[in-house]
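Numbered from 1 within each chain, the chains take letters A, B, ... in sequence-line order. Keep in mind it's a predicted model, so treat the numbers as computed, not measured. Worth knowing before you read on, the calculation uses all heavy atoms, side chains too, and leaves out hydrogens, waters and symmetry mates.
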There are 2 protein chains.
Amino acid sequence: MGHPIATTRPQLKALCHQCSLSKLCLPLAVGEDDIERLEDIIKQGRSFSRGETIFEQSEKATSCFAVRGGAIKTTIINKSGDEQVTGFYLPGEIMGLDSISGNSYACSAYALERTSVCELPIDHMEVLARKLPTLQHHFFQLMSSEIQSSQQHAMLLSKNTAEERIASLLLSLSSRFERRRLSPTRFNLPMARNDIANYLGLAVETVSRVMTRFQNQGLINAKGREVELLDVELLQEVALTFARCKS
Amino acid sequence: MGHPIATTRPQLKALCHQCSLSKLCLPLAVGEDDIERLEDIIKQGRSFSRGETIFEQSEKATSCFAVRGGAIKTTIINKSGDEQVTGFYLPGEIMGLDSISGNSYACSAYALERTSVCELPIDHMEVLARKLPTLQHHFFQLMSSEIQSSQQHAMLLSKNTAEERIASLLLSLSSRFERRRLSPTRFNLPMARNDIANYLGLAVETVSRVMTRFQNQGLINAKGREVELLDVELLQEVALTFARCKS
DNA sequence: CTGTATACTTGATATCCGTCAAGTCATCCT
DNA sequence: AGGATGACTTGACGGATATCAAGTATACAG
């Protein structure tokens, strides 16, 4: 109706059906026929450069986000002002599921590099989830595995040595790159040593030392943020070594 | 119709509307009118004595559980055979939300004392959640805060000293007892020192030492599993002490 | 290009907590 | 009651990792 071109604002509505991540992301839970209803709700295209804030803890929580490109870290700040990195999110992953309860975001989210996201308004998603059983189911699954992975992380922090933690992180990143059909053995770390240390409950210096130790042992080849995994099997061994020795 | 008494098998259907926990548990999310639909689905009355298994990791997951009485611990076992206590669940709390994804339970659950639970079959709950918006919403909230609390726990493990961890646990238990209108300052620990240690990523000996240190400082009065909190405010200070010193 | 801030690495020292060992206490079963 | 088993406590010691300190490399702004 009128002004066919002038009225078309910058594309906001998502185009899930032609997104390269549709097989990894939310659309996988929705039939071809219903994908349009998803697209009606999702706001696409917000983009952030390195270091920018996507949302901040205790800001009013309205949306979850699907990562389209780049990488994100989430952090929480406790009452004493300490910051803790709670997770890293890569393309195809959904972030912010912890913020559905309460009214405000439970963490802050920052772009680690040039990053774009799709926004999933929580209230709209809840309504749609009631209409699309597979979508509701998928949300329950996503949240459930978020609980699981954060329990696994707690376990890593409470029971494992510095070497095991770092080996685990490298392997986790590796398999998440592989999922996206990228090389599982050669990639750039999207985050700084500092973030790794914080995430793993270690000091930066320890991360640095372990990385060079791994390098000397021929496990990896690392220069700055460029990493090459030279011996994945041995890394997997390391991720279990100490626990094994005990038994 | 017919056989009015002979056919009434032992009561399995739940009676949420007359449960003393209904204000804390699932029913809070459901209007008076719909509570019967909840009762149709929930299986009440399974009961376990101390040490018994409620479900085991990697067993087929069919249900979540609401704790009616007693106390439960959940544990996960990693590939190297180490056991990690991931949580304690008290009356009014929902357990097993981490097991919705995947087909099998993500953890094992054991009764810490004489315990009774109500069983929430996952598939039925999903169907009902689609019909009762407030129920769906509540489930999302529950799962979301489960993510949050397990992130908080990870933070506790990675950044806090033994004293801080133990103070935090005592305070957490305290407020959960208070929620049930029990004394927040005088209660019995439902779990062994061993479980506390494991949950907090410490050695039993450390837990023991810190407890006696707290006792000597006049913070608590503890004999075995009986605990009295003598100075809650100071305990809250302790739960933050070290972090504060750093800044 | 040049300087400066930031990221990263490496070394020396300190410390919290785990491990080992032994002892005390509580509980349970016959 | 009595013995045994497990739960808890207490002490001595060592080790993994944090902290402190300094140096090197990288990134970025002008």
Side-chain angles (χ1 to χ4, degrees), chain A residues 49-52 73 82-85 110 112-114 156-167 188-217 220-227 238 241-243 245-247, chain B residues 49-51 73 82-85 110 112-114 156-167 169 188-217 220-227 238 241-243 245-247:
Chain A
S49 41
R50 167 194 261 231
E52 278 189 328
K73 76 168 174 185
D82 255 4
E83 185 174 278
Q84 161 88 5
V85 174
Y110 304 100
L112 290 168
E113 49 192 51
R114 179 126 214 98
L156 196 71
L157 294 178
S158 87
K159 292 240 185 311
N160 296 46
T161 64
E163 302 205 343
E164 294 168 323
R165 299 183 206 183
I166 291 170
N188 283 348
L189 296 173
M191 71 294 279
R193 296 282 190 278
N194 233 321
D195 296 324
I196 295 180
N198 190 313
Y199 178 65
L200 296 177
L202 301 167
V204 200
E205 296 92 328
T206 306
V207 174
S208 207
R209 275 186 260 269
V210 170
M211 296 283 279
T212 52
R213 211 179 305 157
F214 281 175
Q215 182 130 0
N216 294 337
Q217 293 166 348
I220 67 173
N221 208 330
K223 175 144 175 59
R225 299 197 175 183
E226 291 168 33
V227 175
V238 171
T241 302
F242 279 71
C245 291
K246 279 178 205 158
S247 61
Chain B
S49 41
R50 167 193 260 233
K73 75 167 174 186
D82 256 2
E83 184 174 279
Q84 161 90 4
V85 175
Y110 304 99
L112 290 169
E113 48 192 56
R114 179 124 213 100
L156 196 70
L157 295 177
S158 86
K159 292 241 183 315
N160 296 48
T161 64
E163 302 206 343
E164 294 168 323
R165 297 183 206 184
I166 291 171
L169 178 60
N188 283 348
L189 297 172
M191 70 294 279
R193 296 283 189 279
N194 233 323
D195 296 324
I196 295 180
N198 188 312
Y199 177 64
L200 296 177
L202 300 169
V204 200
E205 296 92 328
T206 305
V207 175
S208 207
R209 274 187 262 269
V210 170
M211 296 284 276
T212 54
R213 211 178 305 155
F214 281 175
Q215 183 130 0
N216 294 336
Q217 294 167 347
I220 65 172
N221 208 331
K223 174 145 175 61
R225 297 196 177 185
E226 291 168 34
V227 175
V238 170
T241 302
F242 278 72
C245 291
K246 278 179 205 156
S247 58

Atom-to-atom span, [atom1] of [X] to [atom2] of [N] - whole angstrom:
X: B:Ile166; N: D:dC8; atom1: CD1; atom2: P; value: 13 Å
X: A:Glu163; N: D:dT17; atom1: CD; atom2: C1'; value: 12 Å
X: A:Glu113; N: D:dA27; atom1: CD; atom2: P; value: 14 Å
X: B:Leu202; N: D:dC8; atom1: CG; atom2: C1'; value: 16 Å
X: B:Arg209; N: D:dA7; atom1: CZ; atom2: C1'; value: 16 Å
X: A:Arg50; N: D:dC28; atom1: CZ; atom2: C1'; value: 10 Å
X: B:Phe214; N: D:dT9; atom1: CZ; atom2: C1'; value: 16 Å
X: A:Ile196; N: C:dC8; atom1: CD1; atom2: P; value: 8 Å

[N], OP1 or OP2 - any side-chain N/O from [X] closer than 4.0 Å?
X: A:Thr206; N: D:dA18; value: yes
X: A:Arg225; N: C:dC8; value: yes
X: A:Lys223; N: D:dA25; value: no

Hey, does A:Arg165 reach any base, or is it just sugar-phosphate, or nothing, if we go heavy atoms under 4.0 Å?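 Nothing: the residue A:Arg165, judged by heavy atoms under 4.0 Å, touches no strand.
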
Within the 4.0 Å heavy-atom criterion, would you say A:Ala203 contacts the bases, only the backbone, or no part of the nucleic acid?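 Base contact.
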
I want to verify a distance call: between D:dC20, C:dC8, D:dT9, whose nearest atom is closest to the B:Ser208 side chain?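 Closest nucleotide to the B:Ser208 side chain: D:dT9.
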
Which nucleotide in the set D:dT10, D:dT17, C:dA26 lies at the smallest distance from any side-chain heavy atom of A:Ala162?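 Looking only at side-chain atoms, A:Ala162 lies closest to D:dT17.
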
Atom NZ in B:Lys73, atom CD1 in B:Ile196: separation rounded to 0.5 Å?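 Answer rounded to 0.5 Å: 11.5 Å.
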
Nearest-0.5 Å distance, CZ of residue B:Arg50 to OH of residue B:Tyr110: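 Result: 15.5 Å between the selected atoms.
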
Do side-chain atoms of A:Arg193 reach the backbone of A:Gly224 as a donor and acceptor pair under 3.5 angstrom?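 Yes, because the side chain of A:Arg193 sits within donor-acceptor range (under 3.5 Å) of the backbone of A:Gly224.
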
Is it the case that the side chain of B:Glu163 and the backbone of B:Val238 share a donor-acceptor pair, with hydrogens and angles ignored and the cut-off at 3.5 Å?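 No: the side chain of B:Glu163 does not pair with the backbone of B:Val238.
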
Is it the case that C:dC20 (base atoms only) and B:Glu205 (side chain only) share a donor and an acceptor within less than 3.5 Å, ignoring hydrogens and angles?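 Such a pair is found, so the answer is yes.
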
Can you name the nearest heavy-atom pair linking A:Arg114 to A:Ser49, along with the distance?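 In terms of heavy atoms, the two residues are closest at NH1-CB, 2.8 Å.
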
